[in-house]
Amino acid sequence: MRTSILFVILLTTACSLRGLAQTVQWASRVIGVSSEGKGDAYGQQFRAVQALGRPNKLPALGVSPCAWSPLYPDGSEEWLHVGFEKAMHIRQVVVGESVNPGAVVRVIVYDEKGGEHIVYTASPEARAEGVLRIMVKDTGLVGNAVKITLGTAAIKGPNQIDAVGISDSPKPVPVEVLVSKGTPKEIEKENLGKTINTSGQEVAPVISPDGRTLYFTRNFHKENAGSPDKQDVWYSSLQAGAPGEPPSWSEAINMGSPINNAGDNAISGMSPDGRIIYLINVYRPDGGLGYGISKAQKTKAGWAMPIECKMSDNRNLHKENQLEFTVAPDGKVIVLAMQKKDALGDRDLYVSFRRDDFTWTEPKHMGAVINSADFESSPFIAADGRTVYYTSGGHPGFGNGDIFVTRRQDDSWTVWSEPENLGPAINTAEWDGYFTIPASGDYAYLSSRANSLGEDDIFRLKLFPSIKPDPVAIISGQVLDAQSRKPVPSEVVSGLFREKDKEISRVDYDPETGEYKMILPTQKTYNLTATKEGYFPATEVLDLSKDKRFRDIKRNLYLIPIQPGQKIVMREVLFEQGKFELLTGADTELDKVVAMLTKYPAMELLVEGHTDNQGEWEPNMKLSEDRVEVVKCYLEEKGIAYTRVQTKAWGPSKPIASNETEDKRKQNRRVEFTILKM
């Protein structure tokens with residue numbers, strides 16, 4: 001078995017006991033190299049740049065495309081010269097060898113003037129140790145570059161350098177897997193059992209946001225639509241257990257046509273309401289499949305024929321054309337594992353954004369923080385739209401492919417936190433992946449081969465806090481006619497409270513197929529608005545600002561028909577306490593009135609103002625008069641004729657709630673619009 005080693009050269013004196021904080025720098029640029037290996041036509045495998053930054057392979061050992069390899073093994077001496085961002089007092093040099101350790105014969109540190117300082121010489125000698133420490137006197141050496149020479153002929157087989165680091169402390173620089181904080185030493189990974197797993201292969205679980213339906217891809221099964229060695233999509237439902245027994249998963253069912261056909265079929269995501277699923281491949285009218293992504297809509301009659309999600313320049317250069325992807329909860333972002341010309345490795349993570357016409361932008365590389373010269377695969381965007389889980393072979397781990405978590409830092413989808421390994425209790429010596437989590441964030445589902453019933457199986461585990469996504473709420477309900485209480489097909493949009501153009505989610509409500517459903521991150525306040533031709537938009541304020549845990553909220557929305565005599569209450573047309581200046585956000589609501597008056601040129605309105613009972617009667621009456629006049633002036637400034645708007649001030653005389661608490665008084669401070677004529 002090929003091994004690798006990490007050389008740590010320590011420069012220490014008695015001053016090492018000063019207890020100063022350790023500063024570590026990893027090489028940031030390549031100054032020169034004798035030769036470098038070759039990988040794929042696209043990518044940076046085995047090149048000198050792979051020795052930059054933190055270790056990508058260590059502390060595990062073995063050949064890695066994420067380490068520098070000389071072009072020819074067993075040749076003459078090979079060397080690598082790297083620089084660091086800043087010059088520093090050097091007490092320790094770290095050289096990580098990924099394969100056949102012991103080939104380092106010389107290490108030179110360069111000071112700021114280019115002077116050479118040999119800090120290590122040795123004859124090549126195969127070693128079993130992972131770390132070599134060499135102590136030298138503290139000479140006050142300040143350096144910003146290091147050159148490493150390998151005696152490759154003496155150590156047979158390939159040689160690699162994974163990383164080069166310097167430190168101002170003799171305290172050994174730790175080289176270890178970056179595991180999420182608070183990771184338990186033991187985690188129970190529950191095999192979901194024979195109702196889901198078989199002697200064949202079960203992979204790519206997709207749990208519905210409500211956690212009640214598990215979709216997955218099954219291979220090597222006699223009941224698959226094409227042949228046993230072709231993939232099909234199957235599903236299982238969570239059923240209530242007998243009294244005192246936990247819920248259990250039903251016997252898995254093949255989804256059948258049109259989702260499954262004679263080719264390879266696989267599911268990769270679904271919408272929050274469970275009515276749209278996203279699938280690998282493009283479904284052709286002749287029954288064949290082509291490369292790409294499709295989506296299928298659930299109707300009253302069942303699943304419709306999948307249609308293509310058209311994406312600009314989605315060509316995949318991967319030698320096996322392998323593609324995996326995940327769709328964000330808002331349906332506006334796809335993260336793909338694929339290989340393009342700017343890929344660092346076998347497959348990288350890319351992002352594509354949905355356009356207004358529902359086509360998708362050309363995939364954009366998501367950056368070197370999460371991508372590597374090895375493979376990245378099986379991405380999953382959590383319900384918070386910020387946390388991404390994926391499998392990588394290019395970051396320090398415990399097996400042939402480990403699951404990592406990273407968090408988006410901005411809206412570009414290219415700036416990410418440093419990936420954290422989910423730990424050895426989750427990641428095995430084999431490949432692990434397809435991490436998927438319901439909106440509640442309580443459990444995770446994944447594919448793994450270790451302890452399976454056959455090939456890959458689907459497992460479940462309870463999430464621990466440090467790897468959980470941010471908490472969210474599932475908002476669902478119906479949209480009803482305010483008078484008849486009958487369902488109304490409509491569009492439901494959520495946006496940040498009192499912030500214009502901050503749309504978060506947009507879904508359709510179809511009474512025939514069920515309720516509207518959307519996922520919203522907690523700890524924020526939202527406007528929830530339903531719209532339908534012939535109705536005034538219904539807006540509800542959804543305050544999740546104090547919620548730090550998952551919530552499942554039912555909220556019906558009531559649309560008011562636009563017709564003479566109809567009264568519209570707008571509680572979000574708010575004023576500063578005791579004043580008649582409109583508060584921020586009131587214009588959003590008033591603009592809906594402007595839009596209605598513009599659409600119906602003959603419409604006339606009565607605007608009525610109300611206050612709570614705090615303070616004297618006369619000042620409250622005057623305050624309500626001033627406030628309705630401000631509203632009328634706002635409408636006029638937006639182009640509505642002054643004659644089309646009448647006003648009436650009621651002060652505190654017509655409360656709709658008691659005035660005993662501030663919440664109740666707030667309901668009484670309102671503006672009402674009555675349609676007089678159309």
Side-chain angles (χ1 to χ4, degrees), residues 2-9 24-39 43-58 61-85 87-88 90 92-111 114-125 127 130-132 134 141 143-167 173 175 344-345 368 372-374 394:
R2 290 170 176 159
T3 58
S4 61
I5 200 164
L6 178 71
F7 290 90
V8 179
I9 301 107
V24 179
Q25 286 192 77
W26 298 101
S28 60
R29 69 186 189 280
V30 175
I31 298 174
V33 64
S34 57
S35 70
E36 54 186 359
K38 294 181 179 180
Q44 298 180 359
Q45 299 94 333
F46 307 111
R47 296 183 183 177
V49 293
Q50 295 307 318
L52 303 181
R54 294 175 179 272
N56 281 351
K57 179 68 175 178
L58 296 161
L61 311 175
V63 174
S64 171
C66 302
W68 167 62
S69 293
L71 181 58
Y72 301 107
D74 306 330
S76 59
E77 285 190 347
E78 299 276 358
W79 55 268
L80 175 67
H81 191 181
V82 295
F84 298 83
E85 185 176 353
M88 67 184 297
I90 296 179
Q92 182 179 166
V93 177
V94 181
V95 181
E97 287 186 286
S98 338
V99 177
N100 293 323
V104 174
V105 296
R106 186 166 53 256
V107 176
I108 300 173
V109 171
Y110 291 83
D111 61 32
E116 295 186 357
H117 304 264
I118 299 176
V119 297
Y120 176 74
T121 59
S123 298
E125 182 181 358
R127 301 179 185 275
V131 177
L132 173 67
I134 300 174
L141 174 61
N144 60 2
V146 170
K147 183 178 180 180
I148 301 112
T149 301
L150 302 177
T152 56
I155 305 294
K156 298 299 182 181
N159 304 106
Q160 291 189 310
I161 291 182
D162 184 9
V164 182
I166 56 177
S167 172
V173 172
V175 177
L344 303 179
S372 72
D374 210 327

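- With sequence neighbours excluded, the residues that form a ring-ring contact (aromatic ring centres under 6.0 Å, His included) with Y110 are H81.
- Contact annotation: the side chain of L344 never approaches that of S372 to less than 4.5 Å [non-hydrogen atoms, C-beta and beyond].
- Separation of atoms OG (S69) and CG (L150) is listed at 10.0 Å; rounding is to 0.5 Å.
- Here the closest heavy-atom approach between residue A373 and residue P65 is recorded as CB-O, 3.4 Å.
- Side-chain atoms of Q160 and S64, non-hydrogen and from C-beta on, do get closer than 4.5 Å to each other.
- For the atom pair CG (L52) and CH2 (W68), the distance works out to 12.0 Å, reported to the nearest 0.5 Å.
- Here the closest heavy-atom approach between residue A51 and residue A27 is recorded as O-CB, 4.4 Å.
- Inter-residue side-chain proximity for V63 and F46 is flagged as met; some heavy-atom pair is nearer than 4.5 Å.
- Nearest heavy atoms, P124 versus A154: CB-CB, 3.4 Å.
- Of the charged side-chain nitrogens involved, at least one lies within less than 4.0 Å of a carboxylate oxygen, so that R106 and E77 count as a salt-bridged pair.
- Donor-acceptor pairing under 3.5 Å is lacking for the side chains of E85 and S28.
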### Message
Please evaluate residues T121 and V105 with respect to the criterion side chain to side chain contact (heavy atoms under 4.5 Å, CB included), reporting the C-alpha separation (whole Å), side-chain torsions for both, the decisive distance (0.1 Å), and the verdict.
### Response
CA-CA 5 Å; T121 59; V105 296; over 6 Å; no
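- Here the CD-CD1 distance, from E125 to I155, works out to 8.0 Å after rounding to the nearest 0.5 Å.
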### Task
I would like to know whether I166 and M88 meet side chain to side chain contact (heavy atoms under 4.5 Å, CB included); could you show each step before the answer?
CA-CA 8 Å; I166 56 177; M88 67 184 297; 3.6 Å; yes
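- Contact check for V109 versus L141: side-chain heavy atoms found under the 4.5 Å cut-off.
- For the pair V99 and P158, the tightest heavy-atom approach, listed with the atom from each and the gap, is CG1-O, 3.2 Å.
- When all heavy atoms are compared, the tightest approach of V82 to F84 is O-CE1, 4.2 Å.
- Rounding to the nearest 0.5 angstrom, the gap separating the CH2 atom in W79 from the CD1 atom in I108 is 10.5 Å.
- Rounding to the nearest 0.5 angstrom, the gap separating the CD atom in Q25 from the OG atom in S167 is 9.5 Å.
- T152 has its side chain within reach of N159: a pair of non-hydrogen atoms, C-beta onward, lies under 4.5 Å apart.
- Between the SG atom of C66 and the NZ atom of K57 there is a distance of 8.5 Å, given to the nearest 0.5 Å.
- Looking at heavy atoms from C-beta onward, D111 lies in side-chain contact with H117 at the 4.5 angstrom threshold.
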### Query
Could you walk me through whether R29 and I31 pass the side chain to side chain contact (heavy atoms under 4.5 Å, CB included) check?
CA-CA 6 Å; R29 69 186 189 280; I31 298 174; 4.2 Å; yes
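- Judged by distance alone, the side chain of D162 and the main-chain N or O of G96 form no donor-acceptor pair under 3.5 Å.
- A donor and an acceptor atom, one from each side chain of S34 and E78, are located under 3.5 Å apart.
- Applying the side chain to side chain contact (heavy atoms under 4.5 Å, CB included) test between V93 and each of V146, I148, V173 identifies V146 as the sole match.
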